[in-house]
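Report on the structure given below.
In this text, all values refer to a predicted model and were calculated from it rather than measured experimentally.
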Amino acid sequence: MIALVIPASSGAQLADALQEEGAAFLEVHPEDRAPLAGTERTGIKTVLHTDLDSTAEQLRALGVRTVVAGSEFGVTLADELAERLQLPYHKHELRSARRDKYLMQQALAAAGLAHARSAVVRTEDELRALLASWASYPMVIKPFNSAGSDGCRICSTADEALTAFRAVVGQRNLMGEINEGVLAQEFLSGSQYIVNTVSMDGRHLLAELYAERIDRIEGSPVLRHIISRTIPDEREQELVDYTMSCLDALGVRDGAAHTEVMLTADGPRLVEVNSRLMGPYLSPDAYHCAFGYGSPHLVAERLLRPDDFHNRFDLPYGPARTLAKVFLRADRPGILTSADGLRELRRLPGFHSVARLPQVNDVLRDTQLTTGSCGTAFFVHEDAELIEHSLAVLHEMEDSGTLFQVTEVGG
């Protein structure tokens, strides 16, 4: 029996993959995140988490032998439950370093790996003292624990850093936690990549490698799209090898990991490791079309058919087609009045599908976050340059307001 802990975001596709294969699994949800009546998966038991000891006892009684994080919300709880149940999982002593971005960089330093200069700041006075000694811009201010670029600001002056600090501290982040401070980090200049992996007994399989396009909009980094790399070049292979070392340094041993790495002039530098699937939504058909698999199905394979998964380590990485994923955005917040630009989007070369689009009359708010609130578009094709051209056209449509038309709330 598998316990899938808080399967939100892309964890829903992991639940789908397990259900497709007839796996015996249950879902663990905190009481305040329990599925509403009638929305539970048919035939899948839900265990409501109250406290670690009682939840672990319920799972033990139900014969749970595997625990998997179903989202960022479930990363720590899954680790704690696995430890209570004495089940194979990540290294428990590095649990905090897999969530806290400062401790993450410290773990890399302890392992002798290159890492970004970072500092924890809890008060304005601490930040002022740091700025006086650091004297290096631009710098990044962001929460210790969040997701989707929430609260992340790139600051070019001390005043901007202080303003960013005030905007973050004391606020509730996307993980539902109150920010008690910020992480101040050197700005890493270069090309940012995503390395998605699935691990088995401490061995890491490269599942997907993406280059990211990140624009700076009103001081915030905004992820516009990711595009897969089918054959890593020499520097990209160095980045992949570095990522595997980072996973080792953070004690990642089993299941999915979603890692962001900057390829700088001085070599790769870790942005962050997330010990769960990439979010917020993974379209099974688009990924299978490009890679021959999707990460949720790879995790399912590792859990249900470990011999088949083990054989993948002998195969070279090299998907047949390029995949691009676009987090669609409106040019400004407001009420969606029309999405007639979708007609042109669907005609772009390499277009595969769209998912989770907003509806007319929806209020669009977080247009700069990578939470998929404005939907996601997928492109798949053998020709990466063709896809790049289509992405350029799509981003022009987004920025000019011809993809989504919005009016001001109350306007």
Side-chain angles (χ1 to χ4, degrees), residues 1-37 39-96 98-99 175 197-205 247 250-258 274-277 279 282 294-310:
M1 176 69 76
I2 299 167
L4 186 54
V5 182
I6 316 183
S9 185
S10 54
Q13 282 81 67
L14 177 53
D16 290 341
L18 292 172
Q19 200 161 24
E20 281 178 15
E21 301 208 21
F25 75 100
L26 56 81
E27 297 184 0
V28 178
H29 294 272
E31 289 183 306
D32 61 349
R33 287 183 174 272
L36 299 174
T39 64
E40 307 95 334
R41 288 177 179 271
T42 303
I44 304 301
K45 182 176 178 58
T46 294
V47 171
L48 294 182
H49 170 63
T50 51
D51 64 83
L52 284 173
D53 289 334
S54 61
T55 301
E57 187 55 41
Q58 286 187 72
L59 299 185
R60 186 179 290 110
L62 291 165
V64 168
R65 295 292 179 267
T66 303
V67 177
V68 181
S71 64
E72 188 68 26
F73 300 105
V75 164
T76 298
L77 178 57
D79 193 293
E80 291 170 335
L81 289 171
E83 184 175 22
R84 287 288 200 286
L85 295 168
Q86 297 183 314
L87 297 175
Y89 205 56
H90 307 311
K91 291 184 178 179
H92 302 303
E93 64 270 22
L94 290 165
R95 178 186 303 145
S96 296
R98 289 190 291 272
R99 283 292 321 280
M175 306 312 300
T197 53
V198 179
S199 302
M200 178 180 185
D201 300 329
R203 192 175 180 187
H204 315 299
L205 179 76
L247 296 178
L250 293 166
V252 174
R253 293 190 53 78
D254 259 294
H258 165 59
N274 303 278
S275 45
R276 41 78 178 171
L277 288 167
L282 303 175
S295 286
H297 288 81
L298 272 186
V299 175
E301 181 180 274
R302 184 267 170 271
L303 297 174
L304 304 176
R305 301 187 305 283
D307 289 344
D308 290 346
F309 181 81
H310 184 271

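Checking side-chain atoms of Arg65 against main-chain N and O of Met1 turns up no donor-acceptor pair under 3.5 Å. A donor-acceptor contact shorter than 3.5 Å links the side chain of Gln13 to the backbone of Leu282. A donor-acceptor pair under 3.5 Å is absent between the side-chain atoms of Arg276 and the main chain of Ser10, judged by distance alone.
Applying side-chain hydrogen bond (donor to acceptor under 3.5 Å, both in side chains) to Asp79 and the options Arg98, His90, Arg99 leaves one that passes, Arg98.
Note that CG of Leu4 and OG1 of Thr66 are 11.5 Å apart. Values are rounded to the nearest 0.5 Å. Between atom CD of residue Glu83 and atom CG of residue Leu52 there is a gap of 9.5 Å, rounded to the nearest 0.5 Å. Between the OG atom of Ser54 and the NE2 atom of His49 there is a distance of 7.5 Å, given to the nearest 0.5 Å. Taking CG from Leu205 and NE2 from His310, the interatomic distance works out to 11.0 Å, rounded to the nearest 0.5 Å. A distance of 4.5 Å separates CG of Leu247 from OG1 of Thr197, quoted to the nearest 0.5 Å. Between Asp53 atom CG and Arg84 atom CZ the span is 5.0 Å, to the nearest 0.5 Å.
No side-chain heavy atom of Asn274 sits under 4.5 Å from any side-chain heavy atom of Val75. Between Arg253 and Ser199 the shortest side-chain heavy-atom distance does not fall below 4.5 Å. Residues Glu80 and Leu77 form a side-chain contact, since some pair of their non-hydrogen atoms from C-beta on lies under 4.5 Å apart. For the pair Pro306 and Met200, the minimum side-chain heavy-atom distance is below 4.5 Å. Between Leu303 and Phe25 the shortest side-chain heavy-atom distance does not fall below 4.5 Å. Residues Leu14 and Pro7 form no side-chain contact, since every pair of their non-hydrogen atoms from C-beta on lies 4.5 Å or further apart. Contact annotation: the side chain of Asp254 approaches that of Asp201 to within less than 4.5 Å [non-hydrogen atoms, C-beta and beyond]. Side-chain contact between Leu59 and Val28: present, with at least one pair of heavy atoms (C-beta onward) separated by less than 4.5 Å.
At a cut-off of 3.5 Å, with distance as the only test, no side-chain donor of His29 or Thr46 sits close to an acceptor on the other residue.
No more than 12 heavy atoms of other residues, nucleotides or ligands lie within 6.0 Å of CD in Gln86, so this atom counts as exposed by the packing criterion.
Heavy atoms only, all atoms of each residue included: Val67 and Ala78 are closest at CG1-O, 3.5 Å. In terms of heavy atoms, Ala256 sits closest to Leu277 at CB-CD2, 3.6 Å. Ala69 approaches Ser275 most closely through the heavy-atom pair CB-O, 4.3 Å. Across every non-hydrogen atom of His297 and Glu20, the tightest pair is NE2-OE1, 3.1 Å. Residues Ser71 and Ile6 come closest through the heavy atom pair OG-O, 2.7 Å. Taking every heavy atom of both residues into account, Leu304 and Ile2 meet most closely at CD2-CD1, 4.0 Å.
Ion pairing between a basic and an acidic side chain is recognised when a charged N comes within 4.0 Å of a carboxylate O; Asp16 and Arg41 show such pairing.
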